[in-house]
Amino acid sequence: MATLHSIQIGHPRDYEPVAGDKSNKPWTTAFYKQPVSGPVRVGKLGLEGDAVADTRVHGGADKAVCVYSADRWPYWRERLAPLLENSEAFGPAAFGENFSVAGLDEESVCIGDRWRIGDAELEVSQPRQPCWKLARRWRITKLTLWAQETGYTGWYVRVTKEGTVTAGDEIELIERPLPRWTIDRANSVMYELRDDRDANAALAALGPLSESWKRQLLKRV
């Protein structure tokens, strides 16, 4: 049974330059989200009490809620143990996600999947595209690249029915219109099959796929 392991929210904050980072610039991010208990309202643009720093590339209806699989944590803890003082810290919100989920991952979740959590309904819209902030958050330069290479990126959902969710809720799959288009397969097209016009066109043609991914793919075609 898939469950909502934990819920995290946060607001943009300013941070000093990270030691060893070549840019040597202050940065602003809402990546450092904190777990919350009790019911949380989910609206069309995300969780009540949550916000994003850069609205050009984050947030919006297609990326209302960021989701990451708790089932991937053991992999990252083992791989990053030599690089982190406490690899066990790689848990809830490690990827800056709003929902940490158990029993689901990039190989079992499909574009267009419809979920019911609490009394809210959500639809999977696209894979997460990890950005430079993931690497800076953990001070591991190649972490963003490693996430892309493994396909352990997480994903986004849009909200089709507003409601309230609580950590521990069951995640009920209510519809799967595209069973062949897993998050893992979509990632393969984005990162490994850039020059495959047919693959890019096929992914771009999926109705539930986010508009931003459709634009990227159609530029290749």
Side-chain angles (χ1 to χ4, degrees), residues 1-10 31 33-42 46-47 50 62-81 87-130 134 138 143 146-188 190 206 208-210 213:
M1 180 179 69
T3 59
L4 180 55
H5 180 281
S6 61
I7 303 171
Q8 292 81 223
I9 62 174
F31 201 104
K33 299 185 185 298
Q34 297 298 317
V36 293
S37 59
V40 179
R41 183 72 179 173
V42 184
L47 303 183
D50 189 60
D62 279 349
K63 295 186 282 186
V65 180
C66 182
V67 184
Y68 200 77
S69 174
D71 300 349
R72 299 301 191 195
W73 295 341
Y75 169 85
W76 289 116
R77 287 168 179 166
E78 180 178 359
R79 181 166 182 175
L80 302 179
S87 63
E88 291 300 312
F90 211 92
F95 266 66
E97 76 273 13
N98 300 115
F99 287 175
S100 302
V101 299
L104 295 170
D105 59 28
E106 293 82 1
E107 296 174 357
S108 61
V109 171
C110 300
I111 301 295
D113 278 2
R114 295 282 299 275
W115 297 345
R116 182 178 294 114
I117 308 177
D119 59 1
E121 294 183 7
L122 308 104
E123 181 180 64
V124 177
S125 58
Q126 67 164 79
R128 165 81 173 274
Q129 287 181 280
L134 173 64
W138 292 102
L143 185 53
W146 292 343
Q148 293 177 359
E149 290 176 342
T150 57
Y152 300 170
T153 58
W155 56 93
Y156 283 104
V157 296
R158 60 174 63 89
V159 179
T160 56
K161 179 185 176 184
E162 297 183 342
T164 301
V165 300
T166 306
D169 281 347
E170 179 181 353
I171 300 174
E172 178 188 356
L173 178 65
I174 56 178
E175 185 179 6
R176 172 164 285 173
L178 301 166
R180 295 179 60 248
W181 279 103
T182 62
I183 294 295
D184 183 66
R185 183 182 178 191
N187 274 329
S188 294
M190 179 60 71
L206 304 183
L209 189 70
S210 70
W213 263 54

### Task
Without swapping roles, check the side chain of Asp71 against the backbone of Ala102 for a donor-acceptor pair under 3.5 Å.
no

### Task
On the 0 to 90° scale, with breaks at 30° and 60°, tag the Phe95-Phe90 ring pair as parallel, tilted or perpendicular.
perpendicular

### Glu78 atom CD, neighbour heavy-atom count above 12 within 6.0 Å
no

## Note on the structure
Heavy-atom closest pair (Pro92 atom, Ser6 atom, distance to 0.1 Å) is CB-OG, 3.6 Å

### Message
So which atom in Leu134 and which in Ala147 form the shortest heavy-atom distance, rounded to 0.1 Å?
### Response
CD2-CB, 4.3 Å

### Message
According to side-chain hydrogen bond (donor to acceptor under 3.5 Å, both in side chains), who are the partners of Glu123, at least two apart in sequence or on a separate chain?
### Response
Arg158

### Message
Would you say that Thr150 contacts Tyr75 through its side chain, given a criterion of any heavy-atom pair below 4.5 Å between the two side chains?
### Response
yes

### Query
Is it true that a side-chain atom of Thr182 and a backbone atom of Arg185 form a donor plus acceptor pair closer than 3.5 Å?
yes

### Message
So does Tyr152 get a backbone contact from the side chain of Tyr68, meaning a donor-acceptor N/O pair under 3.5 Å?
### Response
yes

### Message
Between Glu106 and Ser69, is there a side-chain donor-acceptor contact under 3.5 Å, judged purely by atom types and distance?
### Response
no

### Taking every non-hydrogen atom, the tightest pair across Leu47 and Asn98
CD1-CB, 3.7 Å

### Query
What class does the angle between the rings of Trp73 and His5 fall in, given that below 30° is parallel, 30 to 60° is tilted and above 60° is perpendicular?
perpendicular

#### Entry: Leu80 and Trp146, any side-chain heavy atoms less than 4.5 Å apart
yes

## Note on the structure
The single option from Arg176, Lys161, Glu175 that satisfies side-chain contact (heavy atoms from CB on, under 4.5 Å) with Arg114 is Glu175

#### Entry: Closest contact, heavy atoms only, Cys66 versus Arg128
SG-NH1, 3.1 Å

### Query
Heavy atoms, side chains only, cut-off 4.5 Å: are Trp115 and Ile174 in contact?
no

### 4.5 Å side-chain heavy-atom contact, Ser125 and Trp213
no

### Query
How about Phe99 and Val165: do any of their side-chain heavy atoms sit closer than 4.5 Å?
yes

